[in-house]
Amino acid sequence: MKQYEAVILTMESLGGIATLQQLNQEVFKIKECAWNTKTPYASIRRIVQQTRGIYKIKPGLYALETHR
């Protein structure tokens with residue numbers, strides 16, 4: 001599983017909306033995804049800012065386009 005897929009799956013499990021802190025806590029519980037990076041929190045932040053299908057509600061709060 002790719003990292004962006006793990007972030008989207010985590011957001012879906014949280015109801016389609018999540019804070020960056022919630023994502024940082026929950027995304028690492030998915031064992032199928034390997035986070036082989038020195039800065040995993042920065043990677044999560046980059047994913048929510050650049051992935052199509054995720055939009056920013058306000059700073060630190062993101063949601064899926066499917067739950068708009």
Kindly check if the number of other-residue, nucleotide or ligand heavy atoms within 6.0 Å of CD (Q21) is above 12?
no

Please name the pair of heavy atoms, one in [X] and one in [Y], separated by the smallest distance, quoted to 0.1 Å.
X   : Y   : answer
Q3  : S43 : OE1-CB, 4.3 Å
I17 : Q22 : O-OE1, 4.3 Å
I30 : T10 : CD1-OG1, 3.4 Å

Taking the side chain as every heavy atom from C-beta outward, state whether E12 and L64 have any pair of such atoms under 4.5 Å apart.
yes

Check: F28 and I44 side chains under 4.5 Å, non-hydrogen atoms:
yes

Spell out, yes or no, whether [X] and [Y] are grouped together once hydrophobic residues are joined by side-chain heavy atoms under 4.5 Å, including indirect joins.
X   : Y   : result
L20 : Y4  : yes
L61 : M11 : no
W35 : I54 : yes
V27 : Y41 : yes

Quick one: [atom1] on [X] to [atom2] on [Y], what's the gap to the nearest 0.5 Å?
X   : Y   : atom1 : atom2 : result
L9  : K2  : CG    : NZ    : 15.5 Å
I57 : Y62 : CD1   : OH    : 10.5 Å
R45 : L23 : CZ    : CG    : 12.0 Å

